> 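One structure is given below, represented as structure tokens, and several questions about it will come after.
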Amino acid sequence: MGQWKRRRLLFRAGLHERRGTDPSDVLAGLHQLAADDPYDLEVLLTAAELLADRAGRRSGTAREADLAASIALLHRCVPLVPPGHDDRGRVFNSLGQRLFAVAQGTDSPEPVAESVLAFREAVAATPHGNHMRQVNQFYLVVQLGEHFERSGHRDAPVEAVRVAREGYATVPPGDELHPMFRTALITSLRRLAGVTAHVEPLQEAVGLAREALSEARGTSDRAGAQFDLVRALRAMYDATTDTRLLVEAVDLSEQCLAATPRRDPEFNRRRTRLASAVRLLAQDRRDPDLMRRAIDLMRATIETPSAADEHADTLIDLTQSLASLHTMTDDQLALHEAELTARTAVAAAPDPGPWRTAAQFALATTLLYRSSVDARGTDAVALHEALGLFQHVAAATPPDHRERGDRLWYLGVTLRDLARHGDGDTAAWRRQARHVFAESASAAGPPNVRIKSFQHLGAMEAALGDPHAALAAYEAAVALLPQLTPDWLSYHGNIVGLSQIEGLPDGAAAAALELGRPERAVELLELSRGILHGRTLEARDLRLLRHRSPQLHAEFLRLRTALNTPALNTPARDGNEGNDGNWDDLMSRIRSLDGMAGFLRAPSVHALRRHADQGPVVIVNINERRCDALVLRADAEQPLLTIPLTGLTQADVIAHLLRLTRAVFAAPNDPSLLTRRNAQRDLDEILRWLWDRVTAPVLDALGLTAPSSDTRPPPRIWWCPVGLMAYFPLHAAGHHDSGGKATVMDRAVSSYTTTVRALAGRSGPPAAGTTPRALVVAVPDAEDAPPLPGAAAEAAALTELLPNALVLSGAQATYENVVRALPAYPVAHFSCHGLTFWENPAAGMLLLHDHLTRPLTVEQLSALELPSADLAYLSACSTSHTHPDNADEALHITGAFQLAGYQRVIGTLWPVDDSTSVEITRATYAGLTHGGSTPPRTELSALALNQAVRALRDRYRASPSLWAGYIHVGH
């Protein structure tokens with residue numbers, strides 16, 4: 001074909017491209033030219049671009065065929081543009097865009113990975129200062145993000161941030177690419193934070209988004225900047241669970257949506273973002289009204305035409321919101337609608353594609369949830385459908401995908417539930433579940449997913465009769481716990497993270513006990529419980545290390561960060577192997593320093609036994625496989641005594657806990673006298689059951705078989721209940737009509753501790769020459785709370801018994817006055833209302849005079865540092881009550897005072913009577929001060945409380961709720 005015909009074909013090709021008309025006749029001629037001269041680069045490029053242009057106007061197999069043909073031609077162009085060729089950047093730019101277009105119709109990561117390679121070459125081939133270099137950089141950043149989403153490749157966000165920073169720095173502010181690069185950088189930083197588990201990239205992202213908002217001038221630009229800031233705040237909230245960030249995100253989303261015209265293409269997307277933020281805030285606050293608002297926003301979005309993937313995404317969000325509403329309200333219609341919405345999402349999502357997989361996952365989780373709450377028990381039909389869906393989702397999720405571990409975990413839970421249901425071969429279901437949990441645990445993913453996967457793997461191994469494998473799995477889960485609560489995480493974030501390991505401590509201990517290793521059971525319990533308190537102890541070790549060796553301190557922080565961060569180019573399970581030897585060497589060097597031999601060592605039984613020098617510590621562990629009491633003693637030859645509680649089962653504990661909850665929380669407020677009497681009878685029967693099944697076997701084994709007498713000091717005993725046992729009054733167990741022969745409180749003086757390590761620190765009387773000063777806080781008339789006349793009576797009684805005390809009563813008992821006074825007073829007494837929030841323990845509080853404006857919460861108390869704190873007496877309701885998921889962390893008001901530094905805390909397990917509280921307070925302080933004649937001897941607080949409670953018990957034996965709820969915690 002002559003040169004004139006060649007030029008004419010190329011001219012006509014340009015016309016078709018500009019006009020968007022059918023280029024079939026020109027394409028035939030171009031293909032003929034390419035066959036005649038396979039090295040004609042311009043012909044090959046022109047044909048490739050015409051095919052790509054036509055593909056954009058077609059769909060289905062015709063579109064796919066055009067894209068495939070275009071890519072094939074571009075691959076033929078690559079050898080024709082060696083490094084340095086003027087058209088190299090153009091070829092690789094076109095190839096990258098064509099590959100990206102192919103990727104839109106598939107879940108496969110391969111086209112995106114190839115597109116990344118192409119745009120890398122395009123960037124490298126374009127000189128600095130050339131605008132096309134910046135265009136190629138932008139495409140590369142976008143594709144790296146998609147590559148990460150598809151494959152989970154951990155170096156993609158690192159490269160994306162680097163390239164985006166370079167592009168953002170080189171594009172002038174007036175260029176249209178400038179805001180696009182900033183948005184891409186914000187998105188890349190969010191992904192980088194997810195990979196590294198560091199908060200710094202998110203802080204940078206929020207800063208950039210705030211910068212964009214401050215620079216925005218027009219209404220449209222401002223709305224777009226608000227949208228970017230909302231996404232950054234959301235990511236920061238996901239990392240820190242700081243509710244303030246979420247509140248700001250909701251407020252900005254409201255402003256952004258209000259400024260967006262309904263006809264604007266972005267309106268639906270921004271309404272969806274608002275709905276998502278409101279949904280998260282509703283979950284954070286456990287607020288069903290907020291959740292209903294989120295649902296209404298999503299329904300409005302669904303009714304508006306949108307792209308198939310966006311429509312499916314909103315349906316998935318709506319499914320999750322409806323399921324959450326059911327958990328809050330038990331609204332059966334919400335659960336039914338959630339399932340119908342999930343099925344609609346599956347039908348609406350493009351197939352194949354990531355949205356179809358996400359919709360199937362949403363439907364499967366809804367079915368699994370419905371099965372778990374089904375009134376008849378496990379719903380086998382729902383489980384089998386969920387199983388098929390989860391299997392399809394797992395098959396469609398690439399091996400390195402960041403959500404693969406979580407999706408496999410749900411598949412494992414479904415298989416486990418089928419085994420529990422007894423549907424078919426139980427052992428076969430368990431073997432499949434074991435395999436899936438093992439794969440989930442080894443997959444690259446966040447620590448919470450890997451921890452719960454190892455935990456469930458341990459349970460499956462135990463059920464299948466392999467105790468060695470079970471213990472290994474539980475140990476792996478415990479070893480990952482430090483990654484669950486990084487230093488930068490908020491207090492609320494720590495609570496959320498720790499609530500996910502419910503059942504891990506008792507399961508790990510049971511696995512060790514089944515192998516006859518009680519010492520290992522104690523060590524695992526110490527490592528997996530009281531983690532917040534353990535971090536306080538660790539902070540002391542780190543301060544000492546910084547004092548001893550600043551260089552080793554800096555090296556420790558650096559290496560710990562590296563070990564707790566998944567490698568950037570490999571799955572998390574393999575990324576830190578090179579650091580293990582460095583860690584061991586560092587620990588050896590640190591522990592060789594003077595006074596640092598015990599630095600961060602696993603707490604061995606022989607190291608822990610010194611905390612039992614004043615009396616045994618009894619760890620009560622309840623698990624579905626076995627129940628035991630582990631008694632730690634100061635005896636060097638036999639420090640640990642194992643007492644199997646063969647008459648106790650986990651199911652029995654749960655049944656009695658439900659009975660206890662009704663007796664002490666619901667019945668006292670019932671108008672029926674018969675109901676209230678029955679509640680006291682139920683509580684008495686629970687105390688008898690506790691004696692028969694738990695405490696009597698322990699006391700008998702310790703030789704505490706008779707009531708203490710006035711001629712010798714009563715023995716001390718510390719109770720360390722695990723999990724649900726923390727709700728039971730072990731100190732008050734017994735047959736209280738036996739004349740003191742068969743009760744705990746008549747045989748020993750009891751205290752409680754969350755862990756053995758929590759007993760570390762000073763104990764005994766104050767140093768010679770010091771007089772414990774006392775602070776008395778009394779709030780008889782807190783706003784919006786019932787009157788508490790006993791508070792004034794307690795303040796009056798303590799004024800007589802503690803004549804030098806500072807009394808803050810009524811309007812004086814404000815947040816500011818109390819917090820300012822606490823450091824100066826080793827003894828603090830609070831007589832006020834206590835308020836607990838089951839779903840948000842951090843918000844539990846003591847009701848001071850200004851509690852409506854400045855609440856004294858668990859979170860704020862825990863953050864106090866009171867090195868001189870000695871005794872806190874909390875004469876308030878339910879100060880030791882919390883959600884079962886948080887029982888092993890003592891996340892309640894009593895525990896908050898311990899974290900603040902108090903060595904001894906007197907608290908309550910349930911609501912207490914106002915008048916009898918006055919009696920117990922007066923009697924306890926009378927015992928501490930010898931009737932007001934001496935300063936309080938705080939080391940006698942457990943004994944004084946025991947005597948006060950016993951005296952009240954002797955008067956009101958038939959009403960144990962009046963006296964059995966008072967507990968002593970600590971030394």
Side-chain angles (χ1 to χ4, degrees), residues 92-93 95-104 106-124 133-169 177 180-202 204-205 208 228 231-232 234-235 238-239 353-354 357-358 396-407 443-447 449-450 561-562 564-576:
F92 280 104
N93 175 283
L95 180 57
Q97 293 197 49
R98 303 298 85 78
L99 289 164
F100 177 66
V102 169
Q104 302 311 297
T106 175
D107 271 340
S108 173
E110 282 78 11
V112 180
E114 287 185 52
S115 180
V116 166
L117 294 174
F119 280 117
R120 279 196 194 124
E121 291 291 343
V123 170
R133 177 182 177 85
Q134 296 158 347
V135 171
N136 288 326
Q137 284 177 315
F138 178 76
Y139 278 119
L140 175 58
V141 172
V142 173
Q143 291 303 86
L144 284 165
E146 187 68 20
H147 182 42
F148 173 70
E149 295 294 336
R150 297 281 184 105
S151 67
H153 212 278
R154 294 174 177 272
D155 59 355
V158 179
E159 183 181 358
V161 167
R162 177 180 58 77
V163 175
R165 279 181 178 149
E166 181 186 335
Y168 184 55
L177 278 177
M180 295 168 64
F181 261 119
R182 181 159 52 193
T183 297
L185 177 55
I186 291 170
T187 302
S188 301
L189 286 165
R190 289 193 289 109
R191 293 188 176 112
L192 180 63
V195 168
T196 61
H198 290 171
V199 76
E200 290 82 7
L202 293 176
E204 182 181 350
L208 285 167
D228 282 343
R231 294 198 301 171
R234 274 282 312 275
D238 290 341
T357 303
T397 306
D400 291 331
H401 194 283
R402 60 187 178 137
E403 294 182 12
R404 180 168 177 79
D406 193 45
R407 291 174 175 181
V449 174
R450 300 189 66 210
T561 299
N564 286 347
T565 302
L568 297 178
N569 56 356
T570 57
R573 61 184 181 275
D574 300 324
N576 296 317

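Being a predicted model, the structure only gives us computed values, none of them experimental.
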> Please report the closest heavy-atom contact between Leu208 and Tyr168, naming both atoms and the distance.
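Looking at all heavy atoms of both residues, the shortest contact is CD2-CE2, 4.0 Å.
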
> Excluding sequence neighbours, so at least two apart, what forms side-chain hydrogen bond (donor to acceptor under 3.5 Å, both in side chains) with Arg404?
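For Arg404, the residues satisfying side-chain hydrogen bond (donor to acceptor under 3.5 Å, both in side chains) (neighbours in sequence not counted) are Glu439.
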
> Arg150 side chain to Ala103 main-chain N or O, any donor-acceptor pair under 3.5 Å?
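Side chain of Arg150 to backbone of Ala103, a donor-acceptor pair under 3.5 Å: yes, one is there.
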
> Taking all non-hydrogen atoms of both residues into account, name the closest pair between Ala113 and His147 and its distance.
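Closest pair (atom of Ala113, atom of His147, distance): CB-CE1, 3.7 Å.
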
> Out of Val135, Val141, Leu95, Leu140, which one pairs with Phe119 under the side-chain contact (heavy atoms from CB on, under 4.5 Å) rule?
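The single option meeting the side-chain contact (heavy atoms from CB on, under 4.5 Å) with Phe119 is Leu140.
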
> Mind telling me whether Phe138 and Phe181 have parallel, tilted or perpendicular rings, with 30° and 60° as the class edges?
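Perpendicular, since the angle between the ring planes exceeds 60°.
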
> Arg407: which residues meet the side-chain hydrogen bond (donor to acceptor under 3.5 Å, both in side chains) condition with it, sequence neighbours left out?
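With neighbours one apart ignored, the set is Thr397, Glu403.
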
> Give me the atom names and distance for the closest heavy-atom approach of Ala193 to Leu202.
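Between these two residues, the closest heavy atoms are CB-CG, 3.4 Å.
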
> Return the minimal non-hydrogen interatomic distance between Asn93 and Tyr139, and the atom names on each side.
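So the minimum-distance heavy-atom pair works out to ND2-CD1, 4.2 Å.
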
> Kindly compute the distance separating CZ (Arg190) from CZ (Arg234), expressed to the nearest 0.5 Å.
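It comes to 9.0 Å.
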
> For a quick test of reading the model, state the closest non-hydrogen atom pair linking Leu99 to Ser115 and the distance between them.
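That closest heavy-atom pairing would be CD1-N, 3.6 Å.
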
> Using side-chain hydrogen bond (donor to acceptor under 3.5 Å, both in side chains) as the criterion, list what pairs up with Glu114, not counting sequence neighbours.
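Scan of Glu114 (side-chain hydrogen bond (donor to acceptor under 3.5 Å, both in side chains), adjacent residues dropped) gives none.
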
> What's the shortest heavy-atom distance between Gly167 and Gln137, and which atoms?
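Heavy atoms only, the tightest pair is CA-OE1, 3.8 Å.
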
> Do side-chain atoms of Thr187 reach the backbone of Thr183 as a donor and acceptor pair under 3.5 angstrom?
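Looks like yes, one N/O pair under 3.5 Å.
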
> So do Glu166 and Arg133 actually touch side chain to side chain, heavy atoms under 4.5 Å?
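The answer is yes, as the side chains (C-beta and beyond) meet within the 4.5 Å cut-off.
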
